[in-house]
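So you know, we letter chains A, B, ... as the sequences are listed, proteins then strands, and number each from 1. Given the structure is predicted, the values throughout are model-derived calculations rather than measurements. As a basis for the values below, the full set of heavy atoms in this structure was taken, side chains included, without hydrogen atoms, waters or symmetry mates.
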Amino acid sequence: MEEGSGRMKGFYLLLVGVAVIGGGVLWYGSQPRAPAPAPNGPLPVAAADGFRGYTMGSDSAAIEITEYSDFECPFCASFATVQMPVVREQLIATGKVRWRYRDFPLPTHAYSRYAALAAQCAGEQGKFWEMHDQLFTNHQWAQTGKNPRGLFRDFARSIGLDLDKYDACMDGQRYAGRIQASVQEGEARGVKGTPSFYVNGRQYQGRSASDDFKALVDSLAKKHK
Amino acid sequence: MIRRQAIVLLALVGLLVATYLWLYKIGVLGELRCGTGSCEYVQTSRYAELLGLPVALYGVAGYATLLGLGLAGLQPGLASDRRVSVLLAALATLGFGFTLYLTAIELFVLHAICRWCVASAVIMTATWLLSLADLRRAPSRTL
């Protein structure tokens, strides 16, 4: 009987030990850490490498639309998921338009610069647009306020990136200079918010998430039939 | 007795795992430590919620109930009570079914694996098997 109660005592001690250790780990994990990797703080600005943004569509297209966008911006995500498929189908796939994406991470967004970096690091492996689509399609990360490092890594894995190369690129903030150069270019052109569009160098004034943009798409399509 | 002790220990570990995932889901933890898995992809998918509540919260509730029931079943007055075995087996079967559903979502819908979910699945499967063994060995009449 005493042996049994001694065994039970040992078992309860084991339970308490597991609970204390597990609880401690959870408590430690919930403590605030150093700021997330590469938030919108000051970043080392590398010399601009002359990069002018990733493009989609024919090099010989008569029309070029440049988009200044921010991966954390909800309007940009809405545009990318609702309007952009129409643009891709009606204008880009048909060779009428070449689309150029430029980063314009807004300082009010905690992780947009980090997301831009993830897209650039994917671009290094030839998968910029795949990462672009992941970031915009799974946009709930932008509403949580959580550090998206692990999630972006999951995106990188899901689109087939070499994760070692991706990690090295992200940890070294390899394309921070490109992103900053893109921001400076946008500011020089008068970009005030995102998304902003320039059609053959002229600013498009219509609303991006409305039929106005569709009208532009249609008029461009007719003009270049 | 040893089976119920094992169930209690597993339920406690499962409770810690589910609490970890739940704390991430509600924003207390900034990042999941996942290693080679796709934890955050799985945890931020729409399947990580059910009826407006995080799936991990169901795990917390389920494991906490198993833990409480298991601890009660270790008390001298209930150690040989078949009703405890029946309740444990019923609850573990429910949890095991839910685990099968979640694992199927990971494998066939999301095509991504969250190693913490796998840990929970292993814990729940072991709990289920132990609860069946406990039920089989429990006396057919209550004392």
Side-chain angles (χ1 to χ4, degrees), chain A residues 1 3-5 7-37 39 110-111 114 118 134-135 137-161 163-164 167, chain B residues 1-2 4-49 54 60 63-64 67-68 70-71 74-76 79 106 110-116 119 123:
Chain A
M1 190 69 174
E3 193 190 331
S5 77
R7 219 179 287 157
M8 282 308 287
K9 203 173 170 186
F11 174 69
Y12 287 130
L13 278 175
L14 173 69
L15 279 188
V16 170
V18 171
V20 167
I21 292 170
V25 169
L26 288 177
W27 175 84
Y28 178 75
S30 66
Q31 297 309 297
R33 294 271 150 70
Y111 298 111
Y114 189 65
Q134 287 286 327
L135 290 166
T137 307
N138 304 295
H139 205 244
Q140 57 272 38
W141 65 266
Q143 281 102 55
T144 62
K146 291 180 200 162
N147 180 348
R149 192 176 76 94
L151 182 63
F152 290 178
R153 233 176 149 261
D154 286 349
F155 292 163
R157 183 184 292 108
S158 73
I159 61 174
L161 294 187
L163 285 181
D164 289 339
D167 287 341
Chain B
M1 189 66 97
I2 187 79
R4 287 195 186 169
Q5 286 180 334
I7 288 172
V8 167
L9 194 57
L10 284 170
L12 177 61
V13 176
L15 179 63
L16 290 168
V17 170
T19 303
Y20 179 63
L21 293 174
W22 176 59
L23 290 176
Y24 168 77
K25 194 71 188 163
I26 61 173
V28 175
L29 298 172
E31 191 182 350
L32 286 176
R33 305 213 174 265
C34 193
T36 54
S38 301
C39 296
E40 303 204 23
Y41 184 69
V42 172
Q43 289 301 320
T44 54
S45 77
R46 66 189 180 91
Y47 297 99
E49 286 193 7
V60 170
Y63 282 120
L67 179 63
L71 281 172
L74 289 176
Q75 303 313 304
E106 283 184 86
L110 297 174
H111 303 289
I113 281 288
C114 158
R115 66 163 54 175
W116 292 104
I123 291 166

Ring pair (Phe, Tyr, Trp, His ring centres under 6.0 Å) partner of W141(A), chosen from Y111(A), F155(A), F152(A) = F152(A)
May I ask you to test the W27(A)-L23(B) pair for a side-chain heavy-atom distance under 4.5 Å?
->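 With C-beta onward as the side chain, the pair stays apart.
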Side chain, backbone, both or neither of L163(A) within contact of chain B (heavy atoms, under 4.5 Å) =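 It is neither, since no heavy atom gets under 4.5 Å.
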Turns out that what part of L15(B) lies under 4.5 Å from chain A's heavy atoms comes down to neither
Counting only heavy atoms closer than 4.5 Å, note whether V17(B) contacts chain A via side chain, backbone, both or neither.
->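 For V17(B), neither part sits under 4.5 Å from chain A.
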Would you check, one step at a time, whether the test side-chain contact (heavy atoms from CB on, under 4.5 Å) holds for L16(B) with V18(A)?
-> CA-CA 9 Å; L16(B) 290 168; V18(A) 171; 4.1 Å; yes
What distance separates L15(A) CG from L67(B) CG, expressed to the nearest 0.5 Å?
-> 7.5 Å
